[in-house]
Amino acid sequence: MPVGVQAPEASPGRYHRRRDDDDGNGNDCSDVLGVDVLDEGADPFDIPAKRASVERLRRWRQAALVLNASRRFRYTLDLKKEEEKEQIRRKIRAHAQVIRVKGLANLLKTNTEKGVHGDEVDLACRANAFGANRYPRKKGRSFLGIKEGWYDGASIAFAVFLVILVTAVSDYKQSLQFQHLNEEKQNIQVEVIRGGRRIEVSIFDIVVGDVVALKIGDQVPADGVLVSGHSLAIDESSMTGESKIVVKDHKSPFLMGGCKVADGYGTMLVTAVGLNTEWGLLMASISEDNNEETPLQVRLNGVATFIGIVGLSVAAMVLIVLVARYFTGHTTNPDGSIQFVKGQTSVKSTIFGTIKILTIAVTIVVVAVPEGLPLAVTLTLAYSMQKMMADKALVRRLSACETMGSATTICSDKTGTLTLNQMTVVRSVVGGIKLKSPADIENLSPVVSSLILEGIAQNSSGSVFEPEDGSPIEITGSPTEKAILSWGVELHMKFAEEKSKSSIIHVSPFNSEKKRAGVAVIVDDSDIHVHWKGAAEIVLALCTNWLDVNGISHEMTPDKANQFKKYIEEMAEESLRCVAFAYRNLDLNYVPNEEERINWELPDNELALIGIVGMKDPCRPGVRNAVDLCKNAGVKVRMVTGDNLQTARAIALECGILTDSQASQPVIIEGKVFRAYSDAEREAVADQISVMGRSSPSDKLLLVKALKKKGNVVAVTGDGTNDAPALHEADIGLAMGIQGTEVAKESSDIIILDDNFASVVKVVRWGRSVYANIQKFIQFQLTVNVAALIINVVAAISSGNVPLNAVQLLWVNLIMDTLGALALATEPPTDQLMKRPPVGRKEPLVTNIMWRNLFIQAVFQVTVLLTLNFRGRDLLHLTQDTLDHANKVFNEFNSRKPYELNIFDGVSRNHLFLAVVSITVVLQITKDQLHLHLHLHLCDCACPSDQNYQL
């Protein structure tokens with residue numbers, strides 16, 4: 001080896017392969033070395049110990065000769081012999097291959113030159129044994145799109161169907177509720193005579209041949225003819241359209257169903273019922289209009305319109321932004337690719353992308369428009385009306401439900417409303433002396449006894465039925481009439497016998513204006529007795545004489561008059577209603593003939609006082625608590641009664657309307673005094689009045705007008721025909737269902753079925769509940785609307801995509817409109833409602849507290865949702881943005897108690913609310929699970945080999 005040349009083994013790392021190795025003369029050495037590209041540090045002269053190729057050996061030899069030419073012939077490699085060996089090996093391998101192929105062909109029963117036989121049997125056997133030369137291909141999208149894409153449309157269709165179903169069911173239930181209420185309104189109780197006794201039956205149970213008793217304020221139940229009557233006057237305006245009162249007698253005996261009794265009383269024989277009457281045909285041709293739009297609904301429609309306009313504007317802005325981003329190439333797919341590239345994106349993809357954007361914009365409009373507001377009003381009104389029926393209040397006008405929650409004062413009757421309307425005679429003064437017991441008449445002369453019993457029996461619209469089998473006597477009529485007739489029975493009065501002793505020739509029926517009733521009877525075909533009964537001090541003022549126990553008439557001196565007044569005051573101080581009886585004789589010559597008698601005014605002068613009775617009507621149990629509840633709620637209770645001031649004051653003290661210190665004018669005032677004031681004076685004192693005694697219906701009307709002018713929301717109770725004007729004038733007219741006349745009921749907004757003041761207070765609670773429930777839903781609705789609109793606008797402008805797709809937005813809409821309305825509109829009233837002041841007429845629907853709650857909750861929702869939208873991947877360790885919108889359910893709890901911190905108080909009592917929230921949660925979980933399952937299924941089908949695919 002020459003000097004300077006070292007053996008290859010001695011320096012394995014000296015010669016390194018480079019991209020541009022050369023031999024020092026610029027010649028490329030890669031061909032000489034026989035290697036393509038070696039890693040740095042590889043030895044070009046490294047020859048494998050086994051199976052080195054001939055070509056490599058040749059090149060190694062050439063390199064060795066170049067490096068050491070002096071030793072060229074010392075070693076000579078027989079390359080030709082090696083090539084011959086290689087050729088032999090190749091021939092052996094080829095022959096072996098032929099042998100293997102022939103063997104395989106024999107096994108497969110084929111020929112390498114001729115192939116298979118090719119007949120159908122042979123081909124079928126081979127196909128069955130080894131299969132066909134086919135492979136499954138990915139199927140194209142079908143016409144219906146069953147495999148993918150269907151869930152969006154199906155979800156939208158299901159959401160729409162669910163909304164329609166809930167709305168339809170609510171409307172249907174409301175329709176049934178109104179139908180039931182109409183039947184209740186039309187189910188009038190009528191007094192008929194059957195088997196000699198008077199009984200009350202439904203107007204629907206009247207049959208041809210029935211004898212019906214009519215009195216002032218009643219509705220004529222069917223067509224018929226007059227049997228008997230006294231001063232019977234009928235208002236036929238409902239049938240003829242003419243406001244004219246028609247007097248009925250034997251010359252004009254025909255009565256038409258549907259008309260009202262304006263005055264007098266009598267009996268009629270029914271000749272036609274149902275569709276055979278004029279009233280029946282008229283009722284069959286018309287239907288009750290239940291589409292009344294309440295003031296609150298009108299206000300909510302305005303709110304909904306405003307919110308809809310805002311939502312439409314936001315949707316238009318989002319549409320413009322998304323379209324602009326799409327066509328300018330700023331909208332990307334989840335994988336980062338641009339959705340639209342000019343000149344590259346197909347028309348089909350462009351159309352689909354535009355439709356998707358339009359769908360989002362339209363869905364935003366759908367979500368923004370609060371169509372749930374009218375639904376919430378309808379639901380809460382229908383729910384409240386149903387519950388109010390259970391609380392003995394029948395709503396005739398929907399607006400009364402809302403207005404009652406704003407009532408600032410209630411003008412209530414005494415008899416039957418604040419009291420039980422169960423009168424009994426407990427004190428009596430007859431013949432100028434106090435009787436030890438009301439029925440102690442042993443010291444009375446037959447003259448006095450006869451006159452008092454004659455006045456009781458004949459001057460009455462009630463009746464006494466004495467069963468032949470000895471069962472208890474049945475007494476019918478008004479509470480006052482029943483009390484007086486019961487007293488007559490205690491005086492051993494035989495009602496039928498007394499009625500037969502004389503004949504009635506003329507009647508002056510009782511009404512609340514004159515507060516007395518009179519009757520003229522003829523005795524022994526020559527003597528005329530005119531009997532009067534009524535308010536004690538009014539009848540006493542008409543008397544010029546009085547009868548002693550022996551029946552002797554004496555002049556009514558001032559001292560004697562004062563004595564009788566003292567008796568009346570003593571009874572009144574014991575909360576007794578005082579009624580006086582008086583009579584006079586009349587010459588037959590002063591009685592007009594039958595034709596002129598219709599307009600005859602019974603003489604009420606020069607009367608002789610027979611006696612005075614005091615009737616006890618106890619206060620209703622619980623009425624004091626109800627009055628206190630109204631006071632705490634900021635509702636002033638005023639008593640307007642026809643009784644004298646002393647009786648009214650005693651009852652007012654017992655009920656809690658008055659205190660001992662409130663016993664002077666104008667807190668307690670007489671009707672005639674208030675009536676004498678000027679309009680300005682009435683307005684000045686109206687707010688101070690707590691009790692009005694000896695009031696007439698016109699006095700009640702004047703009081704209502706004065707209170708309304710002072711800004712009060714007035715509720716008025718009434719039962720008489722003459723109360724109709726006051727009931728109509730009041731903001732809420734409350735008619736009594738038991739003692740109320742049909743005229744009063746027709747003029748009212750709500751009918752109190754049990755005549756109980758406590759039921760009136762329950763109506764106030766329900767009225768406040770209606771308003772409160774609407775406010776709850778408004779807060780819930782506006783919070784979700786604001787949150788949904790803000791996140792969609794911000795996300796659309798910043799990223800070009802909205803976080804919630806069409807299905808999710810419709811789902812949110814379903815929760816906040818339909819299910820939200822169903823849950824919040826059915827919240828029952830709470831005692832807390834009666835601790836707040838009344839809602840003012842012009843108080844805004846959205847109060848400052850509601851704005852505060854709305855702002856805080858909306859900021860919270862927007863913050864959380866935007867954080868999840870833009871930073872959700874980092875916070876939740878997700879690789880794809882997903883937006884959790886299920887926190888809407890929690891906002892329902894927040895909206896339950898807008899004015900309270902404890903939003904869960906009483907939630908366990910509202911079963912419907914809990915059911916709706918549970919259904920919402922279940923549907924939410926089901927929807928998410930179905931959505932996840934569908935995504936996984938589609939991913940398995942579309943990306944089976946993509947190991948990096950993530951949801």
Are I752 and V763 close enough, and set up right, to give a side-chain contact (heavy atoms from CB on, under 4.5 Å), and what steps lead you there? CA-CA 9 Å; I752 306 301; V763 172; 4.1 Å; yes
Side chain to side chain donor-acceptor pair (under 3.5 Å) between S759 and N756, worked out: CA-CA 5 Å; S759 299; N756 194 345; 4.9 Å; no
For T480 and R577: C-alpha separation, side-chain torsions, deciding distance, then whether side chain to side chain donor-acceptor pair (under 3.5 Å) applies. CA-CA 9 Å; T480 301; R577 168 175 282 186; 3.1 Å; yes
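- Residue S575 comes nearest to K616 through the heavy atom pair CB-NZ, 3.7 Å, listed as atom of the first residue, atom of the second, then distance.
- What you find for N459 and A517 is that their closest heavy atoms are ND2-O, 3.0 Å.
- To the nearest 0.5 angstrom, I751 atom CD1 is 5.5 Å from L394 atom CG.
- Between the side chains of S696 and K672, no donor N or O sits under 3.5 Å from an acceptor N or O.
- Interatomic distance, OH of Y771 versus OG of S769, reported as 13.5 Å (0.5 Å rounding).
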Could you walk me through whether L255 and I234 satisfy the side-chain contact (heavy atoms from CB on, under 4.5 Å) test, starting with their C-alpha distance in whole Å, then the side-chain angles of each, then the deciding distance to 0.1 Å, before giving a yes or no? CA-CA 8 Å; L255 301 170; I234 305 296; 3.8 Å; yes
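- T277 and D223 form no side-chain donor-acceptor contact under 3.5 Å, judged by distance and modelled atom types alone.
- One distance of note links SG of C630 with CZ of R765; it measures 11.0 Å at 0.5 Å rounding.
- Under 4.0 Å is where a charged nitrogen must lie from a carboxylate oxygen, and between K260 and D218 no such pair does.
- Across all non-hydrogen atoms, the minimal contact from I612 to A580 is CG1-CB, 4.1 Å.
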Run the salt bridge (charged side-chain N to carboxylate O under 4.0 Å, His left out) test on R649 and E654 for me, step by step, so that the C-alpha distance in whole Å, both residues' side-chain angles and the decisive distance to 0.1 Å come before the verdict. CA-CA 9 Å; R649 180 182 180 274; E654 190 175 350; over 6 Å; no
Take N712 and T409 through the test side chain to side chain donor-acceptor pair (under 3.5 Å) and record every step on the way to the result. CA-CA 7 Å; N712 289 281; T409 184; 5.7 Å; no
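- Taking CG of L214 as the start and NZ of K248 as the end, the distance is 11.5 Å to the nearest 0.5 Å.
- In this structure the side chain of L702 reaches within 4.5 angstrom of the side chain of R682, judged on heavy atoms.
- From K636, atom NZ reaches atom OG1 of T408 across 11.0 Å, with rounding to the nearest 0.5 Å.
- Of the charged side-chain nitrogens involved, at least one lies within less than 4.0 Å of a carboxylate oxygen, so that E481 and K533 count as a salt-bridged pair.
- Side chains of T717 and T417: a donor-acceptor N/O pair is absent below 3.5 angstrom, by distance only.
- Considering all non-hydrogen atoms of both residues, N276 and A272 come closest at O-CB, 3.8 Å.
- The pair D210-R194 meets the salt-bridge criterion, with a side-chain N (NZ, NE, NH1 or NH2) lying under 4.0 Å from an Asp/Glu carboxylate O.
- Ring geometry for H506 against W600 counts as tilted: the plane angle lies between 30° and 60°, on a 0 to 90° scale.
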From CA spacing to verdict: side-chain contact (heavy atoms from CB on, under 4.5 Å), V760, L734: CA-CA 8 Å; V760 177; L734 304 164; 3.6 Å; yes
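- Looking at residues two or more places apart in sequence or on another chain, you find a ring-ring contact (aromatic ring centres under 6.0 Å, His included) between Y265 and H230.
- Looking at L485 and S460, their side chains come closer than 4.5 Å, going by heavy atoms from C-beta outward.
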Could you give me the CA-CA distance, side-chain angles and deciding distance for F757 and R620, then say whether side-chain contact (heavy atoms from CB on, under 4.5 Å) is met? CA-CA 8 Å; F757 182 78; R620 286 184 179 272; 5.7 Å; no
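- Panel note: side chain N644, backbone T647; a donor-acceptor pair is recorded below 3.5 Å.
- In summary, K700 and E729 do not engage in a salt bridge, as defined by a charged side-chain N under 4.0 Å from a carboxylate O.
- The pair R516-D604 meets the salt-bridge criterion, with a side-chain N (NZ, NE, NH1 or NH2) lying under 4.0 Å from an Asp/Glu carboxylate O.
- Taken from SG in C619 to NZ in K414, the straight-line distance is 8.0 Å, to the nearest 0.5 Å.
- Checked for salt-bridge contact, E191 and R198 meet the test: a charged N lies under 4.0 Å from a carboxylate O.
- Of the candidates I216, D263, V519, L232, D263 is the only one forming a side-chain contact (heavy atoms from CB on, under 4.5 Å) with P509.
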Apply side chain to side chain donor-acceptor pair (under 3.5 Å) to the pair N187 and S202, showing each step before the final yes or no. CA-CA 6 Å; N187 187 17; S202 169; 2.4 Å; yes
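- Ion pairing between R396 and D749 fails under the 4.0 Å rule for side-chain N and carboxylate O.
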